[in-house]
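Okay, structure first, notes after.
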Amino acid sequence: MFSSPWVQQQLVELAQMGKLAGALIVNDYGLANRLAQAGCRYVVHRNTDGENSYEPLDGTPGDADRGRGMWEKLGRTQAANLDPRVYIMIGNESNAPRDGYYWLGQMQAATAEGRKLAIFANSVGHPNVWEVDGKWVSDTWQHRIDSGCMRFGKAYGHLANLHQYGKHDPIGKPLSDPGSAIYPDGSRDDMAYQWYGGRHTRVWRDILPDDCRMKIIVGECGPADAVFRGVAVFMSDFRGYQTRYGNDPYIVAYCYWTLSGQGALGWEFSSVDAALPAVLTWARQL
């Protein structure tokens, strides 16, 4: 999200109420620090300068040096501007098929300097997970286990950042409902949930050993086309995510994309600013 003074005020109020567990902040150091200081427990600061900075990965231990190099190139600068409680995210949706050693090296470098990261930030379709003889398998997730990435991440308190948007129809056209939570008529589609907003349950429950089950922040979620369709539709969708995620044993926060989407990146169509008063009213009743 990008910030405006009004949005900042609303978010800080939620954080002070204890009703804002986490937030993903794009580039805005000041807002990330204010939310951490107001009591928001899982604040992630994303640096868009790192989104196209990945070197090719080999899937070998040498990738750890690339991860440490990215910390030195971009992460250390972020850290210098951020409250120590803020998690640092370098890059977005790299979707490398064998990235475990890279993330391991980046976390090792950050940990040595007393900082924590939010890693992965995969797009919804990556990594692929499929069923073989009744068991869920994934080359990418297995590589993340074998490299020691997930085990290190859990042991040192780093976050796994996943993107879990809603579903598309069979020809790939975005639908107007979340798909991954509750449909507008109130019914649930568990198959859609397991493939979209709930894909993590297959991995965390069926693939990862317990000592690899990092805490998850859903860095981006909402309808697949990320279009804001008004307060009523948003609140139905938002409640759906809360119903699905509120008691999830692994997810600590989920971030509906996006607040204050104005500016050079052209995210105005995604901005849910108008729904914030309704969110505050709803939160006070929880």
Side-chain angles (χ1 to χ4, degrees), residues 21-22 24 41-42 44 46 50 54-55 57-71 75 86-132 135-164 194-221 245 248-255:
L24 172 69
R41 187 171 179 183
Y42 299 100
V44 174
R46 172 171 142 192
Y54 290 88
E55 298 181 34
L57 301 179
D58 301 322
T60 64
D63 288 336
D65 289 334
R66 294 182 172 93
R68 285 187 281 268
M70 187 59 68
W71 170 259
V86 176
Y87 293 78
I88 293 171
M89 176 180 167
I90 308 170
N92 188 52
E93 294 191 349
S94 63
N95 296 342
R98 295 175 65 80
D99 57 6
Y101 287 108
Y102 171 83
W103 292 117
L104 176 62
Q106 196 174 116
M107 286 188 293
Q108 288 173 334
T111 300
E113 298 182 22
R115 305 307 296 243
K116 295 179 182 179
L117 304 181
I119 64 173
F120 304 139
N122 299 135
S123 58
V124 174
H126 178 85
N128 194 18
V129 180
W130 63 94
E131 190 175 9
V132 176
K135 295 183 178 180
W136 298 110
V137 297
S138 168
D139 289 344
T140 296
W141 284 112
Q142 190 60 49
H143 173 68
R144 290 170 173 175
I145 296 169
D146 295 342
S147 66
C149 166
M150 303 294 294
R151 192 167 287 106
F152 185 94
K154 179 174 181 180
Y156 288 93
H158 300 276
L159 294 178
N161 183 356
L162 306 180
H163 295 178
Q164 306 212 111
Q194 287 296 326
W195 180 247
Y196 297 94
R199 293 175 74 241
H200 70 283
T201 61
R202 297 174 174 178
V203 178
W204 262 247
R205 180 191 62 207
D206 298 338
I207 296 178
L208 299 182
D210 183 64
D211 63 355
C212 293
R213 292 171 181 159
M214 300 171 65
K215 291 181 178 179
I216 299 169
I217 185 169
V218 180
E220 299 182 24
C221 66
Y245 287 163
D248 188 283
Y250 311 116
I251 292 176
V252 295
Y254 58 95
C255 305

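Everything numeric in this text was worked out from a predicted model, so none of it was measured.
Across all their heavy atoms, Ala121 and Asn92 have their closest contact at CB-OD1, 3.6 Å. Considering all non-hydrogen atoms of both residues, Ala21 and Ala253 come closest at C-CB, 4.2 Å. Scanning all heavy atoms of the two residues, the minimum distance from Arg151 to Cys212 falls at NH2-SG, 3.6 Å. Residue Leu24 comes nearest to Gly219 through the heavy atom pair CD2-O, 3.3 Å, listed as atom of the first residue, atom of the second, then distance. Taking all atoms of both residues into account, the shortest heavy-atom contact from Leu104 to Ser147 is CD2-O, 3.3 Å. Summarising the geometry of Tyr156 relative to Lys116, their closest heavy-atom pair is O-CE, 3.6 Å, with the distance given to 0.1 Å.
No cation-pi contact links Arg68 to Trp71, judged by a cut-off of 6.0 Å to the six-membered ring centre and 45° from its axis. By the 6.0 Å and 45° rule, Arg202 stacks over the aromatic ring of Trp136.
For the pair His163/Asn122, no side-chain contact is recorded, criterion being any heavy-atom separation below 4.5 Å from C-beta on. Contact of the Ile216 side chain with the Trp204 side chain is registered, since non-hydrogen atoms from C-beta on lie closer than 4.5 Å. Counting heavy atoms from C-beta outward, Gln108 and Phe152 have side chains that approach closer than 4.5 Å. Looking only at side-chain heavy atoms (C-beta outward), Thr201 and Asp248 come within less than 4.5 Å of each other. Looking only at side-chain heavy atoms (C-beta outward), Asn128 and Ser138 stay at 4.5 Å or farther from each other. Within the 4.5 Å cutoff, side-chain heavy atoms of Val218 are placed close to those of Ile251. Side-chain contact between Val44 and Leu159 is present, with at least one heavy-atom pair separated by less than 4.5 Å. The shortest side-chain heavy-atom distance between Leu208 and Ile145 falls under the 4.5 Å cut-off.
Ionic pairing of Asp99 and Arg144 is present here: one or more N-O contacts between side-chain nitrogen and carboxylate oxygen are shorter than 4.0 angstrom. A salt bridge links Arg66 and Asp58; the closest N-O separation between the charged side-chain nitrogens and carboxylate oxygens is under 4.0 Å. Using a cut-off of 4.0 Å between Lys/Arg side-chain N and Asp/Glu carboxylate O, Asp139 and Arg98 are scored as not salt-bridged.
Under the 3.5 Å distance criterion, with hydrogens and angles disregarded, no donor-acceptor pair is assigned to the side chains of Gln164 and Tyr254. Side-chain atoms of His158 and Thr111 form a donor-acceptor pair, as typed in the model, at a separation below 3.5 Å.
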Please evaluate residues Arg115 and Tyr87 with respect to the criterion side-chain contact (heavy atoms from CB on, under 4.5 Å), reporting the C-alpha separation (whole Å), side-chain torsions for both, the decisive distance (0.1 Å), and the verdict.
CA-CA 7 Å; Arg115 305 307 296 243; Tyr87 293 78; over 6 Å; no

Report the C-alpha distance between Leu117 and Met89 in whole Å, list the side-chain angles of each, state the deciding distance to 0.1 Å, and finish with yes or no for side-chain contact (heavy atoms from CB on, under 4.5 Å).
CA-CA 6 Å; Leu117 304 181; Met89 176 180 167; over 6 Å; no

Between Arg199 and Val203, is a side-chain contact (heavy atoms from CB on, under 4.5 Å) present by the stated rule, with each step listed?
CA-CA 7 Å; Arg199 293 175 74 241; Val203 178; over 6 Å; no

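Here CG of Asp206 is found 10.0 Å from NZ of Lys135. Values are rounded to the nearest 0.5 Å. In this structure, Met70 CE and Asp65 CG are separated by 13.0 Å, a value rounded to the nearest 0.5 Å. Of the inter-residue distances, the one linking Arg46 atom CZ with Ile90 atom CD1 reads 13.0 Å to the nearest 0.5 angstrom.
Judged by distance alone, the side chain of Lys154 and the main-chain N or O of Asp210 form a donor-acceptor pair under 3.5 Å. Side-chain atoms of Ser123 do not come within 3.5 Å of backbone N or O of Glu93 as any donor-acceptor pair.
Considering Phe120, Tyr102, Tyr101 in turn, Phe120 is the only one that fulfils the side chain to side chain contact (heavy atoms under 4.5 Å, CB included) rule with Cys149.
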